Each structure stands twice: as structure tokens, then as C-alpha cells.
Amino acid sequence: MARFHYLILLASTVLGASKIQHRALPDAPEGYIPEAVDCPSTRPTIRAADRLSNSETKWLAARRNVTIPAMEQFLGSLDISGFDVASYFKNQSTYAPNLPNIGLAFSGGGYRAMLTGGGALKAFDSRETTSGGLGGLLQSTTYIAGLSGGSWLVGSVYVNNFTTISNLQTGVGQLWNLTYAVFDGPDKSQTAQNDYYNLLASEVTGKQKAGFDISITDYWGRILSYQFINASNGGPDFTWSSIRDQPGFSTGNAPFPLVVADNRVHNQTGFPSGNTTIYEFNAYEMGSWDPTTYGFVDLAFLGSNFSNGQIPSDQECVRGYDNAGFVMGTSSSIFTPLAGALVSSEIPAGVQGELGGVVAETKEDDGFVAHFEPNPFKGWNPTGNSSDADTDTLFLVDGGTDGENLPLQPLLQTIRAVDVIIAVDSSNDVIGYPNGSALVLTSERLQSSIANSASFPEIPDTNTFVNQGLNQRPTFFGCNMESTPLVVYIPNAPYTILSNTSTFQLEYSYTQRDALITNGEFVATQGNGTANAEFRACLGCAILFRSFSRTQTDIPAACQTCYNAYCWNGTAASQTPSTPYSPNLIGASPSGLGLNVTGSVTSDSGNSTLGSSSSGPSGSGSGQGSSSENGTTPTNSAPARLLRAGASLLAAVIAGMVLL
């Protein structure tokens, strides 16, 4: 098994760690290894998904006290003609539920999604200095959700004490330093790589020796942590549940973070279907609202041996299982099959032979399944529909593998009473851009019995998205429905650069990284208003849409104009597009932004030629350059070749599927 663990490391993304300055909250008792501890006096149990947890309910009261004044200030800054924001909020002050309840959702799509979503989040954050006029939306938001690449965005912000995107860009430690060549490690010297691999192997094998099942996702999560957690050695003792104890969160000064993963039932192969059970990880719990599980466990005690919803009285509790990297790795496990690429790549023959055995060991679960053992929901079957009540291991996979590449399900639960969901979609549906597939598949899923109490607006087919240009500009869905949240769909589009980098591009220069972030800002703000100067006010009208209905307020003329402009009118255009989708730049010239960005970017089966500059954060010149198939790689090392082989493998694996 030691050979297995070491070789898996060679099949994963390696990122560096040094110059650590600030920390979040490490609270795992034994680093990465889960540890048995005394249970609290009130022993943890599984609860039914018929209500919010007591912890979330209490937190919401604190958050509402923060969002209401922030929202009043934010909406007031949007200059909605003919609408007195201060008077409206004063009139509703005695009954807070009349005021808007906002959710943000960030799609999967690898680093493309993390960076594009990061640009949008930067535009929404009043702590940032941006020109789009939407700063304060984040401070007005109650919930924020991410999956796969979107989970990296949410995790990077929250595990680092609700930091800003600008702080992630400054190069503190190794946060968001994407310049390291995949597989090269934090230091390209053989000695440093060996030390790095041995440390990760020690951590993951330690988990196994403690009696817990492991998978490639354990390594993937640890590797991601070096890039997303600002702590020595990637913060092996940082847990997702520690977010609840950060002062900025516990006092209601940050939105409620949600990360999504899909269930894959025992003995299933391939990707989950559209009716798979969807799990969420939040600051307090992990579980599912779906009738196939319909339960939640206290995340801090994940790894404990729950049986029929309870920990036996003669057993201890377990802490430290919910490692923050493992949670992000689970939501993004689509990347773990990179291991298979090594079998046919240009590495020493002896290593190839050994790795073939490793791949064979993981073949039965396709290599991208995260193992949660013991299964906390074993014996838990309150609805009689559970597919996992009889299994020792709960298998979870990337949150976008069912095609629902936006983390909408947690935000659609009626009990959370979200009025408006602002969904930033960086999926790869057509040449690296979205075409609404994530919304279409969510709509289809919620027409089945698994919908539970969730409801969703009417959504057109993907051809309509392309033919009507809904894949290039914000659109409001649900304007003609009362029972669903209004969905503000914001698709990735090329404003300042061609932003369709490959999902499996795992190396970016600083210039490339920052160019995608800037494009994300423009996506979220309609080019800082250059594409439509009224969008700021129209987004405010979308936020107020359900609140106007509840309070029976006459819709301001300015908002009615916005609804006419941005609400999908229900008309379909389902014919096949007459020409292949090939967008041009929408917004300002990259040169006007001081960016050195050239060339085009193709889909996941092609090359990335986004930029060529390797200047570091704030022009430090510490970047490592870009990687592409056209011979412009900084080195032609075996690791670089493995990355290319891995990208090709993954593109083939998901051919015919909705790409992440």
C-alpha cells in the first residue's frame, strides 16, 4: 500500500507552500488523521431534513441584522429611478421577512470557474475597489454556494477568514499561485519533491491506519490545500466545520457557505444520473434534503460511527474527518482520474508498470469517487427511499457530474426562503462557454419526485439560449412565477479576453489568472456598465422582485422597464443555431486594461493560448509562464507531458456529457 500512496501522488496536482503569514482556524486534533474524542454531553445524532438546524436558524438571526442595513445601503447606491429605498426599508422594518433574501451560486469549471467567479465576487464585495457599481451585494447576501471549481472559490475565501479576492491575488504564501507546473511540486528539486510526496503519503496513510477508508480524493484534497489554505503544509488540521467558529462568520458578518457534491450509489459506474442524491456541506452540517437521504449530520463529528442515526453509547465520537481540502476535493473529484493518464505517458517504464497496478485498484470506482466511511447515514431511512441506508461507505463525487453544474439545490429549499439567486455560470457547454445546460438539467430534475419541496422557474432549451443570446448576457428567469426564487443567470462571456480556457488547464501565469478575474468582473457588471448602463439598477430591481410581490408594492416604472428588458418572455427558439457559436469580444480592449493577453482559447479538448506574460502579483515577475500544446511550455518535462495527457484523457472520459 505504501507504493500505492506514493504513486498516486505522482498522478495529482502538486502546488507549493512557503512564506505563510496568516492562518484561519485549525481545529483537527491530529492533523489530517481523524481522532476519537469524548462525545459532548448531548451526543450527536442524525436529524431529519424537515427543518433548518438550530445552529443555522440562530445564525440567520445574526446575519439578518447585518444584511438589512447593508442591503439598504447597496440598493440605495443603485439609483433606481422613482423608488425611495430608505422609505421602503423603514416601512418593512417591523417584519424583516418582507425584505429580500439573496443567494449567490458559482458553477464548476476548474480554475476557469474559480477565477471568473472570483471576478464576479470581487465586483460584488464592498471591501474591494472596483468600477462596476455592485460592491455591497456580497454584504447583502445570506447564502453563497459553489461546486467543483466554484467550491475552490468559496473555500479559498472562507477557510482564510472570509478574505477578499484581491488578497488572494497578492501572492501571500502560495494562495492562488497557479504558476507551478502540475506534478512538479513546490520545489522542482528531487529532494524537495520526495519530501513533499512523503509528507502527503504519511498523512493519508495515517488516516488509513486509523481505520478509515481512503481514496485518490484524499490526495487530491491535500494537494489543493497547498494552494487554497494559507497555512504551513497546506493546513492538514484545518476543517470545514471550523468556519463556524471564525468570528467573522459566527457573528453574522459573512454569508452562509455551501459546497455541493453528488452521491453515487454502491456498485454504480460512470457519472450519476440527473436524479442522483445531492449532498451539501455547510459550516454546521453535511447531508441532503432529497427524499433519498433526507437527513443531516453535524459536520464536526463526521467520521463517527452513526448507526440508525445515533452513535452507540459505548463508542467515542470522531473529530477531524471534515478536512477542508477533502471537502473541496470531494466537490471537484472529476480531476482525480488524471492518475490514469500516467499509464500511457512518457515516464520510466518501471514506474508505468507499478502505476498500472494502482489504476487497477481504483478501477471499480473509476478513480474519482470520494469514500466516506463509516457512512453516517447507514440505517437512516426515514422516507423508506434511501439508496445508502445499507452500505458501510457513502460514495460522493464531483458536484457537477450529474450535469447540474450550478449549485442551486441548497438555495431552492423552500425552508431557506431565498428570493433571488444570482447564478454565475462558467460551465463548458459549447467551446468552453455555457449554454444554459445547468439550468435546463436542474429544471428537469425538479420535475421528478426527488424535487421534494423545491421548485424552479421555467427554463428554455439550450438552443434558445444560444439563438436568443441568453448565453452572453444576464437574464432573469421566474418573472412570471410566484412560487420559485427569481434566478439571475450570469453566463461567462468574452468581455476583455476570450475566457473559455480548458477546465483541465491546471497552470496559469499571473497575467492569465488576473485577466480571467478581470473578465469575471466585466461579466458580472455588464462591462462595468459599458454594455448596459442600466444593469446596476436592473439587478436591484431583480433583488426586490419577490419583496414587491409580498408587500403588494406597486412596481416602479424603472423596474418594469428592467423586467421587460431582462426577464425571459417565455418564447422559445429551439431550432439548431444556423452557425456554430463563436463569440467575439463584447467589452473593452484588453490593452485598455493594461493586460498582455493575446490569442484565442479553445474548449477542453484543445489548447490554451491565453496570454504569454509571466509577471507575478503586482508585477513581481515571479510567474512561471503558461503551458500549451503548441510548444510554448516553459519546460518539456515529463510532468508537463503528463498534464497534457491527463487533459486529453479527461476530455475523452466526459465526451458526450455536459462538460464541467
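Since the model is a prediction, treat every value here as computed from it, not as a measurement.
Ring geometry, Tyr158 versus Phe249: the interplanar angle exceeds 60°, so the pair is classed perpendicular (tilted spans 30 to 60°).
One finds the CG atom of Asn65 at 11.0 Å from the CG atom of Leu60 (value rounded to the nearest 0.5 Å). Within the model, atoms CG of Leu168 and CG of Leu115 stand 10.0 Å from one another, a figure rounded to the nearest 0.5 Å. Between Phe238 atom CZ and Asn323 atom CG the span is 10.5 Å, to the nearest 0.5 Å. Interatomic distance, Glu316 CD to Ser304 OG, rounded to the nearest 0.5 Å: 9.5 Å. The CZ atom of Arg43 sits 6.0 Å away from atom CD1 of Ile311, with the distance rounded to the nearest 0.5 Å. Taking CG of Asn253 as the reference point, atom CD of Gln246 lies at 12.0 Å (rounded to 0.5 Å).
Using modelled atom types, one side-chain atom of Asn405 and one backbone atom of Gly108 make a donor-acceptor pair closer than 3.5 Å. Under the 3.5 Å distance criterion, the side-chain polar atoms of Arg445 are left unmatched by any main-chain donor or acceptor of Ala451. Side-chain N or O atoms of Ser333 include none that pairs as donor or acceptor with a backbone N or O of Thr217 at under 3.5 Å. Of the possible donor and acceptor atoms, none in the side chain of Asn167 sits under 3.5 Å from a partner among the backbone N and O of Thr163. Thr239 places a side-chain N or O within 3.5 Å of a backbone atom of Ser242 that can act as its donor or acceptor partner. A donor-acceptor contact shorter than 3.5 Å links the side chain of Asp298 to the backbone of Ala300. Judged purely by atom type and a 3.5 angstrom limit, Arg244 uses its side chain to pair as donor or acceptor with the backbone of Ala283. No donor-acceptor pair closer than 3.5 Å links the side chain of Arg222 to the backbone N or O of Tyr226. Side chain of Thr401 to backbone of Val397: no donor-acceptor contact under 3.5 angstrom is found. Between the side chain of Asn452 and the backbone N or O of Asp290 there is no donor-acceptor pair closer than 3.5 Å.
For the pair Leu104 and Leu138, the minimum side-chain heavy-atom distance is below 4.5 Å. Within the 4.5 Å cutoff, side-chain heavy atoms of Leu406 are placed close to those of Tyr489. Taking the side chain as every heavy atom from C-beta outward, Leu299 and Phe281 approach each other to under 4.5 Å. By the 4.5 Å heavy-atom criterion applied to side chains, Glu458 and Ser443 are not counted as neighbours. At least one side-chain heavy atom of Pro255 sits less than 4.5 Å from a side-chain heavy atom of Phe162. Residues Phe106 and Leu121 are in side-chain contact: their nearest non-hydrogen atoms beyond the backbone lie under 4.5 Å apart. Side-chain contact between Leu147 and Glu404: absent, with no pair of heavy atoms (C-beta onward) separated by less than 4.5 Å. Contact of the Thr141 side chain with the Thr67 side chain is not registered, since no non-hydrogen atoms from C-beta on lie closer than 4.5 Å.
Aromatic rings from Trp289 and Tyr294 are positioned such that their centres are separated by 6.0 Å or more. Under the 6.0 Å cut-off for aromatic ring centres, Phe335 and Trp152 qualify, their centroids lying closer than that.
Remark: Asp213 CG is packed, more than 12 non-hydrogen atoms of other residues, nucleotides or ligands lying under 6.0 Å away.
Salt bridge annotation for Asp392-Lys378: present, with a cationic side-chain nitrogen under 4.0 angstrom from a carboxylate oxygen. Salt-bridge annotation for Asp419 and Arg550: present, with a side-chain N of the basic residue lying under 4.0 Å from a carboxylate O of the acidic one. Between Asp38 and Arg319 no salt bridge is recorded (no basic side-chain N to carboxylate O distance below 4.0 Å). Using a 4.0 Å cut-off between charged side-chain N and carboxylate O, Arg416 and Glu280 make a salt bridge. The pair Asp218-Lys207 counts as a salt bridge, with a side-chain nitrogen and a carboxylate oxygen less than 4.0 angstrom apart.
Residues Pro410 and Leu258 approach most closely at CB-CD1, 3.9 Å, considering heavy atoms. Closest of all the heavy-atom pairs between Ser148 and Ser331 is N-OG, 2.8 Å. Smallest separation of non-hydrogen atoms from Gly478 and Thr484: CA-OG1, 4.5 Å. Considering every non-hydrogen atom in both Ala542 and Val488, the closest pair reads CB-CG2, 3.8 Å. Closest of all the heavy-atom pairs between Pro97 and Arg64 is CA-NH2, 4.3 Å. Contact detail for Pro485 and Leu411: the closest heavy-atom pair is CG-O, 4.4 Å.
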Criterion side-chain contact (heavy atoms from CB on, under 4.5 Å) on Phe456 and Leu412, from CA distance to verdict: CA-CA 7 Å; Phe456 199 63; Leu412 294 173; 3.6 Å; yes

Audit row: Asp125, Gln139, side chain to side chain donor-acceptor pair (under 3.5 Å) steps and yes/no: CA-CA 7 Å; Asp125 190 345; Gln139 283 67 30; 2.8 Å; yes

CA sep, side-chain torsions, deciding dist, call: Arg264, Asp398, salt bridge (Lys or Arg N to Asp or Glu O under 4.0 Å): CA-CA 10 Å; Arg264 199 174 79 167; Asp398 190 295; over 6 Å; no

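Under the side chain to side chain donor-acceptor pair (under 3.5 Å) criterion, Tyr284 pairs with no residue at all, not counting sequence neighbours. Under the rule for a side chain to side chain donor-acceptor pair (under 3.5 Å), Asp50 has no partner lying at least two apart in sequence or in another chain. Every side chain to side chain contact (heavy atoms under 4.5 Å, CB included) that Asn381 has, sequence neighbours left out, goes to Thr383, Ser386, Ala389. Ser140 pairs by the side chain to side chain donor-acceptor pair (under 3.5 Å) definition with nothing, not counting sequence neighbours.
Under the 3.5 Å distance criterion, with hydrogens and angles disregarded, a donor-acceptor pair is assigned to the side chains of Gln227 and Tyr111. A donor atom on one side chain and an acceptor atom on the other are not found under 3.5 Å apart for Thr393 and Asn375. In summary, the side chains of Asn428 and Thr503 do not present any donor paired with an acceptor at a separation below 3.5 Å, with no hydrogens or angles considered. No hydrogens or angles considered: a donor-acceptor pair under 3.5 Å links the side chains of Trp220 and Ser332. Counted by atom type alone, Thr292 and Asn385 present zero donor-acceptor pairs between their side chains at under 3.5 Å. Looking only at atom types and distance, the side chain of Trp59 has no donor-acceptor partner in the side chain of Ser250 under 3.5 Å away.
The list of disulfide (SG to SG under 2.5 Å) pairs with a residue in residues 283-313, not counting sequence neighbours, is empty. Applying the ring pair (Phe, Tyr, Trp, His ring centres under 6.0 Å) test to residues at least two apart or on different chains, none of the pairs has a partner in residues 28-55.
Each of Phe306, Phe326, Phe212 was compared with Phe372 under the ring pair (Phe, Tyr, Trp, His ring centres under 6.0 Å) criterion, and only Phe326 meets it. The side-chain hydrogen bond (donor to acceptor under 3.5 Å, both in side chains) test with Asn263 singles out one residue from Thr293, Asp388, Thr276, and that residue is Asp388.
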